[in-house]
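Data first, discussion second: the structure below is written as structure tokens.
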Amino acid sequence: MFVSQQLRKQSIAEYVLYMWQVEDIIRAYGCNLAKLRREYLSRFDYSAEDMEELTDWYANLIRMLTQEGCREQGHLQINKIVVDDLNDLHVRLIDSPKFPFYRAEYYKVLPFIVELRRKGGNNNMSEVETCLNALYGVMMLRLQKRDISPDTQHAVSEITTLIGMLSDYYLKDKKEGLEFD
């Protein structure tokens with residue numbers, strides 16, 4: 001919760017990836033708050049008040065996962081909305097002549113998006129979600145200490161640049177507003 005609050009202010013893309021990881025952590029503990037508290041949350045060195053707040057946050061996420069039918073897989077609606085917002089901004093940035101550097105980076109990444117969609121068989125997924133899924137997948141591979149091919153590393157590097165730019169524009173749009181025309 002404390003990490004998510006900070007990430008949401010600093011990098012919306014990192015926030016989404018973090019929240020996806022939180023969803024998976026909750027699933028790893030069977031959406032069981034007592035088990036999660038005992039085996040995971042107890043590792044953190046928080047004050048009693050902060051631990052109670054963190055536990056409540058996880059309890060709310062577990063409740064939402066259950067209510068939204070995401071106990072086994074999928075993402076919470078609160079996270080889907082952020083990804084949709086990012087994708088909407090992505091489309092506006094590409095369509096606007098005021099953001100040529102973003103558009104240029106997008107066209108560098110587009111072949112990787114096409115390839116990821118071909119391999120994943122999900123053409124209905126937005127381009128931004130496809131990129132975030134790739135970044136999350138590589139993050140999981142790294143956590144498992146598995147090898148990542150040079151081609152995948154190159155693709156992830158380009159995707160990271162695009163998503164980083166998008167995340168920066170998202171925060172700027174929220175703070176100051178972007179002009180697209």
Side-chain angles (χ1 to χ4, degrees), residues 1-27 44 46 49-50 52-65 67-70 73-110 112-114 116-117 120 122-140 142 155-181:
M1 177 192 80
F2 304 111
V3 173
S4 71
Q5 290 170 341
Q6 191 62 33
L7 286 174
R8 188 161 185 134
K9 293 175 191 172
Q10 294 175 336
S11 172
I12 197 69
E14 287 182 40
Y15 166 80
V16 169
L17 296 173
Y18 176 79
M19 290 303 296
W20 286 0
Q21 186 177 28
V22 167
E23 291 170 344
D24 282 344
I25 288 168
I26 290 169
R27 289 185 190 108
F44 298 105
Y46 287 125
E49 184 179 309
D50 285 350
E52 185 176 330
E53 194 175 341
L54 185 65
T55 301
D56 287 346
W57 185 69
Y58 273 94
N60 286 328
L61 291 174
I62 291 169
R63 181 184 45 77
M64 288 189 286
L65 282 168
Q67 289 175 345
E68 296 177 21
C70 298
Q73 63 182 14
H75 299 297
L76 290 169
Q77 193 63 33
I78 58 171
N79 297 328
K80 289 179 183 178
I81 289 168
V82 174
V83 174
D84 288 346
D85 287 350
L86 280 168
N87 197 67
D88 290 345
L89 177 59
H90 165 73
V91 170
R92 288 187 295 152
L93 290 167
I94 292 168
D95 290 345
S96 174
K98 290 192 172 186
F99 303 94
F101 295 112
Y102 185 84
R103 188 180 314 164
E105 186 60 33
Y106 166 69
Y107 284 113
K108 286 169 64 177
V109 171
L110 186 57
F112 303 122
I113 294 170
V114 170
L116 288 164
R117 284 179 164 179
N122 191 347
N123 291 327
N124 297 327
M125 188 180 295
S126 74
E127 291 178 330
V128 169
E129 188 172 0
T130 299
C131 290
L132 290 169
N133 275 336
L135 295 177
Y136 188 75
V138 169
M139 183 176 78
M140 291 295 106
R142 288 183 176 141
V156 165
S157 175
E158 293 295 339
I159 290 169
T160 299
T161 300
L162 179 72
I163 294 298
M165 291 173 76
L166 178 60
S167 189
D168 290 344
Y169 281 126
Y170 178 90
L171 293 177
K172 185 173 183 174
D173 190 38
K174 294 295 178 197
K175 288 179 183 172
E176 306 167 18
L178 293 175
E179 298 213 10
F180 294 93
D181 297 328

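For the single chain, residues carry numbers from 1 onward in sequence order.
Partner of Phe2 under the ring pair (Phe, Tyr, Trp, His ring centres under 6.0 Å) criterion, chosen from Tyr18, Trp57, Tyr46: Tyr46.
Side-chain contact check for Leu89 versus Asp85: every heavy-atom pair is 4.5 Å or farther apart. Side-chain contact check for Ser126 versus Asp84: every heavy-atom pair is 4.5 Å or farther apart. The shortest side-chain heavy-atom distance between Val22 and Tyr58 falls under the 4.5 Å cut-off. Using a 4.5 Å cut-off on side-chain heavy atoms (C-beta onward), Tyr15 and Asn79 make contact. Residues Arg142 and Met139 are not in side-chain contact: their nearest non-hydrogen atoms beyond the backbone lie 4.5 Å or more apart.
Here the straight-line distance linking atom CG of Leu166 with atom CD of Glu127 works out to 11.0 Å at 0.5 Å rounding. Considering CG of Leu65 and CD of Gln77, their distance stands at 12.0 Å, rounded to 0.5 Å. Note that the CG atom of Leu61 and the CD1 atom of Ile78 stand 6.0 Å from one another [nearest 0.5 Å]. Rounding to the nearest 0.5 Å places SG of Cys70 at 10.5 Å from CE of Met64. The distance from the CG atom of Asn87 to the CE atom of Met125 is 11.5 Å, given to the nearest 0.5 Å. The OG1 atom of Thr161 sits 7.0 Å away from the NZ atom of Lys108 when rounded to the nearest 0.5 Å.
In the displayed structure, Phe44 atom CZ is contacted under 6.0 Å by more than 12 heavy atoms of other residues, nucleotides or ligands. Within 6.0 Å of the CZ atom in Phe180, the count of heavy atoms belonging to other residues, nucleotides or ligands exceeds 12. Counting non-hydrogen atoms of other residues, nucleotides and ligands closer than 6.0 Å to NZ of Lys172 gives a total of 12 or fewer. Counting heavy-atom neighbours within 6.0 Å of Gln10 CD, excluding the residue itself, gives a total above 12.
Contact check on Asp95 versus Arg92 returns no salt bridge, with no Lys/Arg side-chain nitrogen under 4.0 Å from an Asp/Glu carboxylate oxygen.
Glu23 places a side-chain N or O within donor-acceptor distance of the main-chain N or O of Leu76, the cut-off being under 3.5 Å. The backbone N or O of Ile163 sits nowhere less than 3.5 Å from a side-chain atom of Ser167 that would complete a donor-acceptor pair.
Of the N and O atoms on the side chains of Tyr102 and His90, at least one donor lies less than 3.5 Å from an acceptor on the other residue.
The aromatic rings of His75 and Trp20 lie parallel to each other, with less than 30° between the two planes, well short of the 60° mark.
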